[in-house]
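In what follows, a structure is listed as C-alpha cells, so that the remarks can point back to it.
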Amino acid sequence: MKMPELGYLCGNGMELVTCRQSTISYPLHNHVSVFTLGFIMDGFIELVTDKGTRTYQKGEAFVLGPYTPHSINARSCYELLSLCIDKELVTQTDLELLELMVSKFLHQAIKHTIIENWILKTLHSLLLFCQMLPIQQETNIDSLREQLELYPEIPCCIEDMAALALTSKYNLIRSFKKEVGLTPHQFQIQNRVRKAQKLLNTSASVAEVALATGFFDQSHFIRCFEKIVGLTPTEYKRAYGTVSSMPAS
DNA sequence: CCGCCCACGAAGGGATTATC
DNA sequence: GATAATCCCTTCGTGGGCGG
C-alpha cells in the first residue's frame, strides 16, 4: 500500500491534520467535542453523514459539528486538510476574533506552504456556520459520553455504562446511538484509538500504548487501530515522524 | 417510551508464527 | 526483541421484535 503523507499540528484549542496522497477510507466515527472544518486540497472524497452522502472535490469545504457521526469513502487519491476546533472556543469566542485566531493558526501551522486563497475566503462563512449549529442540552448520556471520552481506557461493560447513565442497558444503546451516532462500545473503542494516536506521538512503544489505552494486548490493539485509522500503529508513527506542537501564544 | 428476550455477528482473549 | 498478522474459540454487544 502506498503510504500517505501525514502532518499534525496542535495548539490554542485547535488541531490541524494534513493528509496528502491518501487513498484511505474511514469507517463510521466522530470527532468528539470539536468542530471540524475539512478542506479538499486535491482529488475528491465521499462524505457520508446522517444527512446523506455527498462528494466533495478540490476547492470544496465541509463542516462537521461535535459528535457528528460520519464516514469517508476514498474513490481516488486525495489531499485533505482537517482543522478541528474546540467546541468551547467556537461557541464562546466572538466571530471576528475567532476568524483571526484560526487564520493566524493556519499561517503558523503551514509555515512553508502558501495557504490557498479559497480557504481564507471561506473561513468566515464556515466559522459562522459552526456558531449557528445548535448545541444539544446536557443529559445523562452526555455525562457518560464525557467519561468515555476522558477515560476510554477504563474497562467498562455495557451494564456499567448503563449504571453511569442511570438507565437500562437496552435503553442506553438506543439513546446513545440516537444522540452520538455510535453505540457505546463503538464510541469507547474510537476514543481508545484516538488516545492511542496521541500516545504514539510520544516515545512509547506500540505494546505500551496498547496497554495504556485499555486494549488487552497489542494484537487486539493493532486490529482496532488499523480498522479506524487505516494504518497500522507503526505506519502511523512513521507517517507522523515530524510531529510538532505549537507553543501557546 | 421503556424493558425484556433472543439470535447473530463482532469483539475479546489467547496462542502462535512471520518479519524486520 | 518488537511488531505485525493470523487463527480459533469464547464472550458479549447489538438490533429486531414484542409487550406493558
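Computed from heavy atoms alone, side chains included, the values below leave out hydrogens, waters and symmetry copies. We name chains A, B, ... by the order of the sequence lines, and we start the count at 1 in each one.
Remark: P of dC12(C) and CD1 of Ile189(A) are 14 Å apart, rounded to the nearest angstrom. Rounded to whole Å, the distance from CD1 on Ile222(A) to C1' on dT19(B) is 12 Å. Distance CZ (Phe221(A)) to C1' (dA11(B)): 16 Å, rounded to an integer number of Å. Nucleotide dG9(B) holds its C1' atom 13 Å from the NE2 atom of His185(A), rounded to whole Å. dA10(B) atom P lies 22 Å from atom CZ of Phe187(A), rounded to whole Å. Between Phe225(A) atom CZ and dA2(C) atom P there is a gap of 20 Å when expressed in whole angstrom units.
Under a hydrophobic clustering in which Ile, Leu, Val, Met, Phe, Trp and Tyr are joined whenever their side-chain heavy atoms come within less than 4.5 Å, directly or via other members, Phe105(A) and Phe39(A) fall into the same cluster.
For the pair Lys104(A) and Glu99(A), the salt-bridge criterion is not met [side-chain N within less than 4.0 Å of a carboxylate O].
Across all non-hydrogen atoms, the minimal contact from Leu98(A) to Thr93(A) is N-CG2, 3.8 Å.
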